[in-house]
2 protein chains.
Amino acid sequence: MVSSYFKNLLLKLGLPEERLEILEGKGALAEDEFEGIRYVRFRDSARNFRRGTVVFETGEAVLGFPHIKRVVQLENGIRRVFKNKPFYVEEKVDGYNVRVVKVNDKILAITRGGFLCPFTTERIEDFVNFDFFKDYPNLVLVGEMAGPESPYLVEGPPYVKKDIEFFLFDIQEKGSGRSLPVEERYRLAEEYGIPQVERFGLYDSSKVGELKELIERLSEEKREGIVMKSPDMKRIAKYVTPYANINDIKIGSHIFFDLPHGYFMQRIKRLAFYLAENHVKGEEFENYAKALGIALLRPFVESIHEVANGGEVDETFTVRVKNITTAHKMVTHFERLGVEIHIEDIEDLGNGYWGITFKRVYPDATREIRELWNGLAFVD
Amino acid sequence: MVSSYFKNLLLKLGLPEERLEILEGKGALAEDEFEGIRYVRFRDSARNFRRGTVVFETGEAVLGFPHIKRVVQLENGIRRVFKNKPFYVEEKVDGYNVRVVKVNDKILAITRGGFLCPFTTERIEDFVNFDFFKDYPNLVLVGEMAGPESPYLVEGPPYVKKDIEFFLFDIQEKGSGRSLPVEERYRLAEEYGIPQVERFGLYDSSKVGELKELIERLSEEKREGIVMKSPDMKRIAKYVTPYANINDIKIGSHIFFDLPHGYFMQRIKRLAFYLAENHVKGEEFENYAKALGIALLRPFVESIHEVANGGEVDETFTVRVKNITTAHKMVTHFERLGVEIHIEDIEDLGNGYWGITFKRVYPDATREIRELWNGLAFVD
């Protein structure tokens with residue numbers, strides 16, 4: 001339920017009363033507090049208030065980050081989305097999406113779902129020059145947090161060797177959620193020294209061959225893919241590498257029963273379209289097929305053995321924090337997400353950092369494997 | 001809607017009035033006519049009237065064939081289902097399920113969903129000795145129709161080299177749906193020369209090693225699996241070979257978008273449990289993984305190329321009939337199932353048989369591939 005203060009605020013921001021009631025009715029508005037700042041989080045979309053939108057008590061609204069459309073046939077996708085117009089190509093970094101924003105003199109990091117993340121909020125000062133917000137308090141820095149030591153993902157991109165890093169890929173206005181044009185973002189990021197995703201420059205549909213070579217290279221380098229953006233940011237499309245499709249399946253297979261079937265099937269589909277578009281044949285085709293099969297089966301079979309031997313399905317991950325309290329706040333944060341997590345180890349890394357090791361348990365996946373392993377007879 | 005004649009009949013057979021109304025309300029009862037005999041088909045279950053039940057105007061009810069429970073861990077599954085008690089093991093034949101029954105002096109073949117199949121009804125006399133029904137008009141022969149020339153499946157078991165065959169695996173009473181004990185079925189089938197599924201004899205949980213060897217052999221011979229049955233038919237469980245899991249995926253991948261995700265994911269799950277239970281490692285593991293990957297990708301990529309080149313996703317199959325009208329009735333029958341099918345070729349095979357070639361078109365799968373190939377940008 002939302003307090004009358006926020007109800008009035010949302011109405012003032014243009015949310016029609018009947019939409020507000022519908023959202024309330026389905027529990028799609030969550031009011032909460034983070035370090036003394038109250039806010040409302042949208043669990044669902046209504047009008048321009050996209051899912052993941054956060055409205056602060058100050059009246060400032062940070063709109064949910066929109067879903068970027070995907071193409072699985074690169075050449076035709078580019079023609080269809082961009083026609084003959086040029087577009088910028090940037091790396092799609094494999095991390096988690098954060099919106100960084102200044103509210104009441106505090107710099108806050110919001111995850112995709114509209115949660116204020118204690119970890120990211122603590123660490124963001126290590127990556128972003130806060131002078132930016134002095135000059136542009138009305139802008140939101142949108143980027144990917146990625147690296148081997150992440151609270152949300154078990155792997156990061158190959159070029160982040162330790163810890164985690166921030167990669168800017170969008171700057172939006174508070175309230176409207178409108179993106180700055182690409183060149184303006186590039187200029188601001190350079191001016192303030194804000195780290196950005198790798199930029200591959202301007203392409204158009206006549207350069208599909210070069211773009212396919214780029215995809216080949218990114219895939220060999222174990223990178224996730226590209227995002228293509230018209231200079232005005234009105235048209236955006238993403239395309240992922242075959243490496244990323246198979247690697248995602250490998251990561252997911254470990255917790256097979258915790259993921260929807262679509263997680264695996266969508267990636268198999270994308271891989272099949274890659275193979276079809278690029279006429280991959282013979283030994284190369286078989287190598288992809290084998291890699292896919294191993295990705296689907298090996299971590300899954302390992303999890304079955306783990307459970308058969310009395311263990312459970314879990315994932316271990318490490319993050320670096322400056323305050324141990326941040327680690328405890330993350331446990332509370334995960335509990336709110338319905339995730340079971342334990343601190344396994346705390347290590348003094350020196351220089352004011354602590355290495356925290358968490359273990360995330362997957363009770364549903366564990367139970368499902370245990371039942372089947374124990375010989376459950378079931379109708380499917 | 002169901003006529004008052006059938007409503008009264010269903011009430012007399014013990015279907016409570018409120019259940020009848022619920023079934024009617026959701027359109028779960030379909031009244032139809034086949035060769036002059038009227039019947040009602042249950043699209044849904046209610047009490048003992050299982051989905052696929054057919055009630056004829058004569059008052060005779062042929063209950064829907066129940067779903068047989070599956071185990072994916074053979075050893076523990078056997079212990080859990082059969083404890084230390086013995087059970088018969090029979091081959092699980094890869095075909096389509098039919099119930100053969102005598103009504104008004106006609107022998108009719110009913111498919112799993114409760115449809116009277118014109119093809120199977122025409123051909124059943126080639127496989128079943130009808131004297132059986134003279135002596136046992138109250139019994140239903142349940143079996144698998146399987147072979148390379150089937151209207152419902154693109155492949156059959158390796159030992160049926162041409163046409164199609166019937167394999168008995170159950171005999172049930174009309175009305176109650178109760179199965180005869182295993183030995184009684186074996187005896188009756190032998191007495192009347194009714195072809196049966198292969199029988200592997202009596203096992204118990206102490207013979208799991210032998211059963212695993214049987215699974216290995218069946219898998220090498222490209223056969224589907226086994227069904228285990230307590231002598232009184234009260235406890236039944238099935239287990240399929242790794243070959244069948246991969247081969248089903250290969251067949252499904254051709255029409256990828258026409259199948260639910262679960263079709264593929266269930267089979268990957270079964271394969272993973274097979275590999276885990278049997279500690280398959282090293283090169284053997286990799287061979288399974290590669291076969292799985294190829295099964296998922298190759299037919300799917302071929303379908304993408306087919307559509308990219310202006311074609312469509314389709315399957316061609318052939319059946320043998322004695323009357324060309326039966327082929328036309330099959331087209332009508334498929335139309336009622338919502339399936340688009342065309343007769344491609346009719347060939348005189350001699351000896352009173354016609355070879356009919358059908359083409360089944362998958363418009364949804366074709367459209368989905370075409371959209372994606374044409375560069376559709378989508379949110380997933």
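Side chains included, hydrogens not; waters and symmetry mates left out as well; all remaining heavy atoms used. A note on names: the letters A, B, ... follow the listed sequences, proteins ahead of strands, and every chain is numbered from 1.
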- Can you tell me if A/T241 uses its side chain to pair, donor with acceptor, with the backbone of A/R223 under 3.5 Å? yes
Part of [X] within contact of chain B (heavy atom distance under 4.5 Å):
| X | value |
| --- | --- |
| A/A272 | both |
| A/F256 | side chain |
| A/K238 | neither |
| A/N374 | both |
| A/R70 | both |
| A/F273 | both |
| A/R270 | side chain |
| A/E75 | neither |
| A/L297 | both |

Less than 4.0 angstrom from a charged side-chain N to a carboxylate O is my criterion; do [X] and [Y] meet it?
| X | Y | value |
| --- | --- | --- |
| B/R80 | A/E371 | yes |
| A/K207 | A/D204 | no |
| B/D248 | B/R267 | yes |
| B/R370 | B/E312 | no |

Paired with B/F65, the ring pair (Phe, Tyr, Trp, His ring centres under 6.0 Å) test is passed by just one of B/F42, B/F169, B/Y96, namely B/F169
Residues pairing under side-chain hydrogen bond (donor to acceptor under 3.5 Å, both in side chains) where one sits in residues 294-310 of chain B, two or more places apart or in two chains, turn out to be B/H254-B/S303
Got a list of side-chain donor-acceptor pairs under 3.5 Å for residues 279-292 of chain A, not counting sequence neighbours?
from: A/E286; atom 1: OE1; to: B/K290; atom 2: NZ; distance (Å): 3.1
from: A/N287; atom 1: ND2; to: A/E283; atom 2: O; distance (Å): 3.4
from: A/K290; atom 1: NZ; to: B/E286; atom 2: OE1; distance (Å): 3.0

d(A/I304 CD1, A/I369 CD1) to nearest 0.5 Å is 5.5 Å
Within residues 257-266 of chain A, the residues sitting under 4.5 Å from chain B by heavy atom, in sequence order, are A/F257, A/H261, A/G262, A/F264, A/M265, A/Q266
So, the part of B/F378 with a heavy atom under 4.5 Å from chain A: the answer is both
For B/F87, the ring-ring contact (aromatic ring centres under 6.0 Å, His included) test, sequence neighbours excluded, returns B/F82
